[in-house]
Amino acid sequence: MSSRLSDVASRRTILPAGASVVDTLTAANVLLNGPTGVIAVQTDDGVERDLTWVPDAETEVALIQRDSPAGLAIIRHSTTHIMAQAVQNLFPSTRLAIGPPTAEGFYYDFLSDRNFTPDDLVALEEEMRRLVADGQLFRRRVLTSLADAEAESAQEPLKQELIATHPVPWRFEGDPYGDDALSYYDNLSYDGERKWTDLCRGPHVLDTKYLGVFTLTHAAAAYWRGDEKREQLQRIYGTAFLDRKALKTYLTEREERLKRDHRKLGEELDLFTFDPHIGRGLPLWLPNGTIIRDELEKWARETERSLGYKRVVTPALAKEDLYYLSGHLPYYTDDMYAPISIEDETYYLRPMNCPHHHMVYRARPKSYRDLPYKVGEYGTVYRFEKSGQLQGLMRTRGFTQNDAHIYCTDEQAEEQFLEVMRMHEMYYQQLGITDFHMVLAVRDPANTDKYHDDEEMWTRAEAITRGAMEKSGIPFILDVGGAAHYGPKIDFIIRSVTGREFAASTNQVDLYTPKQFGLTYKASDGTEKTPIVIHRAPLGSHERFVSFLTEQYGGAFPFWLAPEQIVVVPVTDTFDEGAQAVADELYAAGLRAEADVSDARMQAKIRTHSMRKVPVTIVVGARELEERTASVRLRTGGSWTAPLDEVKDYLLTVARDRRLVLDTP
RNA sequence: GCUGGCGUGGCGCAAUUGGCAGCGCACCUGUCUUGUAAACAGGUGGUUGGGGGUUCGAGUCCCCCCGCCAGCUCCA
């Protein structure tokens, strides 16, 4: 979408002092209408201002066009004001919360005794159209005192709270713009009557005639300030675009995107299923899905073996003492399944594998010569997720992680962490994953009860992580407050087709738990030292990673991952036996091949298997059987005929090399 | 968890104000023997997610439960 929008900064102009922006632009014959029309300006301090703004000194500004991302956001912001006005017109007892534009549209939150129904949305949309048809002006008004604002918002308790709890002192005088200006936006009829008003930073369009097309999409609940202990609000979502065509394009693109939803494809391709008798969030991997899992796991084992990892197997539950030692009790209790009591002892299902691996480390004495000591396990963990948070395979209550722990000396830590980052690069590159970003999650020093309290350890762990990240040159975003209770995290964040973000991989530098567990090694000088632990899971969990790959490939997996690689189709049922023999031979060579000897025409079979995203179809008739050749047809369109042995070797090579693309040889 | 919306053979859907549970695909059987994205005919399959209620009569209305979807992360 953004590629079609023009660059905000590309048009600049110098505004004289003492004249409104709109007057200056009109005098210069600058268009306000149409896609490239100017909707607002941005000063060099990054603050956006209305066209009614009157600079008190000559100022150079960037012009914000309607078709820029910033311009569209302003249109959506103004549209949500109209929506809120419509809501208060139709349901006068409704109180206002906040109403920002979003990446895909806008919403407004309301404190309301009414839960808005789909019918309400229809009525509201009608009311909005009426308001726009009548025509209104958006006008900014800066208040002169806090008392004025309190009076102005006397009927709006949530607005009063926003005013009272504003993090920086309000500015009142002159014509200030930005987060610290206490301003209201009035919706005025063309004869100047104030129809509605809202506490707002702005900017807004001059006039409803500069709005685009809009639609209200759905209503849902949201908590005031995102806090589930606070008031539950009614949120109405909508979206707006410049014109009908852009809206339609958005809706079709969205529909196309949702066709790739792993839940839909998982059903169609028989990858996994859920059964209420098993429990919510507890997936059943079907044979096809299990193939993908096993292939990924095999790859990870080979990779880890080449880097000196050893494999271990540990149980899925343990006594509570272990989790007190690890700090999961109490720091992680909310995410754990309830305890299990047996023979007067209390057990918990494990929410993480690390405590078990620490016990593996501790089971035998270690010397510096054993380090780095790397233990890996595809370990299954169980976490309690609130029912409303579950989402297909992306978010489950039981999942299996590509987990490993690296125990190393202080000196080795940065290098080991870098090796882990390089491992990610290798995996992602080979799988063709480019759409992701990284987050360095550190602790929020103001909220200490979520984290262990050794100040010095936090400083060191954050220094190691940050140092390795900077050395790797991979760009990252900082998330204050997102750290694990035992250390800072580096997460690889991916996006599902529904637009939600998930951590595909998570890695931590941990100085805390080795000390808790009393892990030591004999250093070269003969002293006992505490190792550093690196937690790493480059392929995350099978559940999340396979769902991400399913969406990424739209179900058309690379040959090596495809659950069904080859279907052999006889030209007529005369050749059923021959087709079966070909399939058997390919299967025996290690390929996932089967013959389709069902009662259907060849063309129908080809269509069926193409739709099931099977990468290779081999057609067998008299010629092929006589000459021992294979007529190969790729799902992507290519085709060729070659001796069967050659085709077999070629496909085995493609699978063995884990090639992303299968092409004609 | 909370708010809203959903739940009809394996899958996708239909069923007027409450009035005979239907269609397509898949599946099974048969006919046809066909060269790279849908041959034709016939057939099996449902306590309409589960339970309770209202009614002469419930897929449809009411209540409870189970499950699925969206949102609760975009901070005037």
Side-chain angles (χ1 to χ4, degrees), chain A residues 73 76-77 80-81 84 96-109 112 114-118 120-121 149 153 156 158-159 161-163 165-167 178-185 198-202 217-230 232-237 258 261 263-264 267-268 270 273-277 279-281 384-392 479 482 498-501 569-576 598-611 617-624 631-635 637 639 641:
Chain A
R76 288 168 171 175
H77 189 186
T80 202
H81 272 225
L96 304 172
I98 58 167
T102 66
E104 297 206 354
F106 58 82
Y107 66 80
Y108 211 112
D109 284 346
S112 167
R114 184 185 184 87
N115 295 332
F116 299 111
T117 66
D120 290 343
L121 297 195
S153 286
E156 299 289 354
L158 301 180
K159 295 290 184 191
E161 183 180 327
L162 288 175
I163 294 166
T165 59
H166 195 64
D179 284 333
D180 57 347
L182 186 44
S183 59
Y184 278 70
Y185 274 79
D198 191 15
L199 169 73
C200 184
R201 178 186 54 191
T217 52
H218 58 289
Y223 298 101
W224 174 230
R225 299 194 149 178
D227 181 350
E228 63 183 12
K229 291 179 193 68
R230 297 293 311 265
Q232 189 165 58
L233 308 173
Q234 290 292 311
R235 173 173 296 183
I236 301 179
Y237 282 90
L258 295 181
D261 192 315
R263 290 168 296 191
K264 189 176 158 62
E267 194 72 43
E268 286 170 10
D270 300 319
T273 192
F274 288 90
D275 188 314
H277 298 283
R280 293 173 91 171
F384 171 71
E385 300 283 358
K386 289 189 286 181
S387 52
Q389 302 286 16
L390 301 173
Q391 204 212 20
D479 169 20
T498 57
R500 234 168 290 171
E501 291 189 335
V569 174
V571 172
T572 73
D573 62 7
T574 323
F575 307 109
D576 277 3
S598 68
D599 183 21
R601 287 173 68 219
M602 180 191 63
Q603 288 86 340
K605 292 179 182 181
I606 289 169
R607 179 169 186 273
T608 303
H609 301 119
S610 296
M611 290 199 309
T617 310
I618 291 179
V619 174
V620 167
R623 276 203 304 278
E624 289 81 4
S631 172
V632 185
R633 180 201 158 91
L634 300 180
R635 197 193 59 84
S639 64
T641 302

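Every heavy atom of this structure was used, including side-chain atoms; hydrogens, water molecules and symmetry mates were not. Proteins get letters first, then strands, A, B, ... in listed order; numbering begins at 1 in each.
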Study note, to complete from the structure: Scanning both residues in full, the closest heavy-atom pair of A:Leu233 with A:Tyr223 reads CD1-C, 4.3 Å
Practice item. Identify, with sequence neighbours excluded, every residue that meets salt bridge (charged side-chain N to carboxylate O under 4.0 Å, His left out) alongside A:Glu104. Key: A:Arg257
Practice item. In whole angstrom, give me the gap between the P atoms of B:U44 and B:G51. Key: 26 Å
Check your understanding: Which part of the nucleic acid, if any, lies within contact of A:Gln232, taking any heavy atom under 4.0 Å across all strands shown: a base, the sugar-phosphate backbone alone, or nothing?
Key -> base
Exercise for review: Would you indicate what A:Gly99 reaches in the nucleic acid, counting non-hydrogen atoms under 4.0 angstrom: base, sugar-phosphate, or nothing?
Suggested key: sugar-phosphate
Review point. How is A:Arg633 classified with respect to the nucleic acid when contacts are heavy atoms under 4.0 Å: base, sugar-phosphate, or nothing?
Key: base
Practice item. Report yes or no: do A:Arg225 and A:Thr165 form a side-chain donor-acceptor pair below 3.5 Å? Key: yes
Check your understanding: With sugar-phosphate meaning primed atoms plus P, OP1 and OP2, does A:Ala222 contact a base, only sugar-phosphate, or nothing at under 4.0 Å between heavy atoms?
Key -> sugar-phosphate
Study note, to complete from the structure: Of A:Met611 and A:Arg280, the one whose nearest nucleotide on RNA chain B sits closer to the 5' end is A:Met611
Check your understanding: When all nucleic acid strands are considered with a 4.0 Å heavy-atom cut-off, which category describes A:Leu199: base, sugar-phosphate, or nothing?
Key -> base
**Study point:** Rounded P spacing from B:A21 to B:U48 in Å
**Key:** 10 Å
Check your understanding: Just checking A:Asp198: base, sugar-phosphate only, or nothing, at a heavy-atom cut-off of under 4.0 Å?
Key -> nothing
Practice item. Tell me what A:Ala219 touches on the nucleic acid: a base, only sugar-phosphate, or nothing, going by heavy atoms under 4.0 Å. Key: nothing
Review point. Got a sec, which residues hit salt bridge (charged side-chain N to carboxylate O under 4.0 Å, His left out) with A:Asp270, two or more places apart in sequence or on another chain?
Key: A:Arg612
Exercise for review: Scan A:Ala84 against the nucleic acid and name what it touches under 4.0 Å (heavy atoms): base, sugar-phosphate only, or nothing.
Suggested key: nothing
Practice item. Name the nucleic acid region contacted by A:Thr117, choosing base, sugar-phosphate or nothing; use a 4.0 angstrom heavy-atom cut-off, strictly under. Key: nothing
Review point. Looking across every strand, which nucleic acid part, if any, lies under 4.0 Å from A:Ala73 by heavy atom: base, sugar-phosphate, or nothing?
Key: nothing
Practice item. Can you sort out the partners of A:Tyr237 under ring-ring contact (aromatic ring centres under 6.0 Å, His included), two or more places apart, ordered by chain and number? Key: A:Tyr107, A:His218
Check your understanding: Rounding to the closest angstrom, what is the interatomic distance between B:G19 and B:C65 at atom C1'?
Key -> 29 Å
Check your understanding: Where does the chain A footprint on RNA chain B start and end, counting 5' to 3' with a 4.0 Å heavy-atom cut-off?
Key -> B:G1 to B:A76
Check your understanding: Can you list the residues that meet the salt bridge (charged side-chain N to carboxylate O under 4.0 Å, His left out) rule with A:Arg635, with sequence neighbours excluded?
Key -> none
Point to revise | Nearest non-hydrogen partners of A:Ala97 and A:Leu158, listed with the distance | key: CB-CD1, 3.8 Å
Practice item. Quick one: list whatever passes side chain to side chain contact (heavy atoms under 4.5 Å, CB included) with A:Arg280, sequence neighbours left out. Key: A:Ser387, A:Leu390, A:Arg397
Review point. Which part of the nucleic acid, if any, lies within contact of A:Arg263, taking any heavy atom under 4.0 Å across all strands shown: a base, the sugar-phosphate backbone alone, or nothing?
Key: sugar-phosphate
Point to revise | B:C63 and B:U29, which share atom name P, separated by this distance in whole Å | key: 48 Å
**Study point:** Integer angstrom distance from the C1' of B:G52 to that of B:G45
**Key:** 29 Å
Practice item. Would you mind classifying the nucleic acid contact of A:Gln234 as base, sugar-phosphate or nothing, using non-hydrogen atoms under 4.0 angstrom? Key: sugar-phosphate
Review point. How far, in whole Å, is B:A58 from B:G53 if one measures between their C1' atoms?
Key: 11 Å
Check your understanding: Starting at the 5' end of RNA chain B and moving along, which residue's nearest nucleotide shows up first, A:Ser598 or A:Phe274?
Key -> A:Ser598
**Study point:** B:U16 to B:G7 separation - P atoms, rounded to the nearest Å
**Key:** 14 Å
Review point. Which dot-bracket string describes RNA chain B (Watson-Crick N1-N3 plus N6-O4 or O6-N4, or G-U N1-O2 and O6-N3, all under 3.5 Å; [ ] crossing; | other strand)?
Key: (((((((..((((.....[..)))).(((((.......))))).....(((((..]....))))))))))))....
**Study point:** Partner set under side chain to side chain donor-acceptor pair (under 3.5 Å) for A:Glu385, not counting sequence neighbours
**Key:** A:Arg395
Practice item. Write down the atom of A:Ile606, the atom of A:Arg633, and the distance for their closest heavy-atom approach. Key: CG2-NE, 3.5 Å
Check your understanding: Looking for any heavy atom pair under 4.0 Å, which part of the strands does A:Gln391 touch: base, sugar-phosphate only, or nothing?
Key -> sugar-phosphate
Point to revise | salt bridge (charged side-chain N to carboxylate O under 4.0 Å, His left out) involving A:Arg114 - partner list, sequence neighbours excluded | key: A:Asp120
Exercise for review: Taking atom C1' in both B:C56 and B:G18, compute the distance separating them and give it to the nearest angstrom.
Suggested key: 12 Å
Exercise for review: Could you tell me whether A:Ser387 contacts a base, only the sugar-phosphate backbone, or nothing, with contacts defined as non-hydrogen atoms closer than 4.0 Å?
Suggested key: base
